[in-house]
Amino acid sequence: MAGIATAIIGAIIVILGIINMTGNIASLHWYHRKNVSEENRKPFGRLVGLGTLIVGVSVMLFGGAMALFGDNEAIVLVATALLIVGIIVGLVISLRAMNKYNGGIF
C-alpha cells in the first residue's frame with residue numbers, strides 16, 4: 001500500500017514539473033522566483049520543471065517498483081539507487097536554475 005501512495009505522490013510531483021515547464025512558476029515559493037525577470041521566466045520554468053519532473057518520475061518509479069516487487073530484494077535495491085540518483089539529478093538541475101536566474105536559492 002505504501003508503494004502505491006508513493007507512486008501517487010510521484011505523479012503529483014510530475015504534474016507540478018510539467019506545469020513549471022510551461023512557464024507557470026507560481027507553484028514555486030516566492031523567494032525561489034523573486035528575482036527572475038519576465039524574459040527569463042520561460043527558461044527558468046523549463047529548468048526547474050525539468051528538475052521537478054526528474055524527481056517525480058524517480059519517486060513514481062520507486063513507488064511502482066515497491067508496490068509490484070517489494071518482496072524482491074534486488075529490485076528494491078535497484079529502485080532505491082535509481083530514486084537517489086533521480087533526486088540528486090533533479091535537485092541539482094533545479095538549484096542550478098535558481099542560482100542562474102534568481103541569483104541564488106534564497
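- Residues Y101 and L47 have side chains in contact (heavy-atom distance under 4.5 Å, counting atoms from C-beta outward).
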Enumerate donor-acceptor pairs with a distance under 3.5 Å from any side-chain N or O in residues 53-63 to protein atoms, sequence neighbours excluded.
from : atom 1 : to  : atom 2 : distance (Å)
S58  : OG     : I54 : O      : 3.3
S58  : OG     : V55 : O      : 2.8

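- Annotation: the span from R96 atom CZ to L50 atom CG amounts to 13.0 Å, rounded to 0.5 Å.
- A search for side chain to side chain contact (heavy atoms under 4.5 Å, CB included) contacts involving R46 returns K42, P43, not counting sequence neighbours.
- Here the NZ atom belonging to K100 is positioned 12.0 Å from the CZ atom belonging to F44, to the nearest 0.5 angstrom.
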Just distance, no hydrogens or angles: give the donor-acceptor pairs under 3.5 Å from side chains in residues 3-15, sequence neighbours left out.
from : atom 1 : to : atom 2 : distance (Å)
T6   : OG1    : A2 : O      : 2.8

Enumerate, atom names and distances included, each donor-acceptor pair closer than 3.5 Å involving a side-chain atom of residues 67-95, sequence neighbours excluded.
from : atom 1 : to  : atom 2 : distance (Å)
N72  : OD1    : A74 : N      : 3.1
N72  : OD1    : I75 : N      : 3.3
T80  : OG1    : V76 : O      : 2.7
S94  : OG     : V48 : O      : 3.4
S94  : OG     : G90 : O      : 3.2

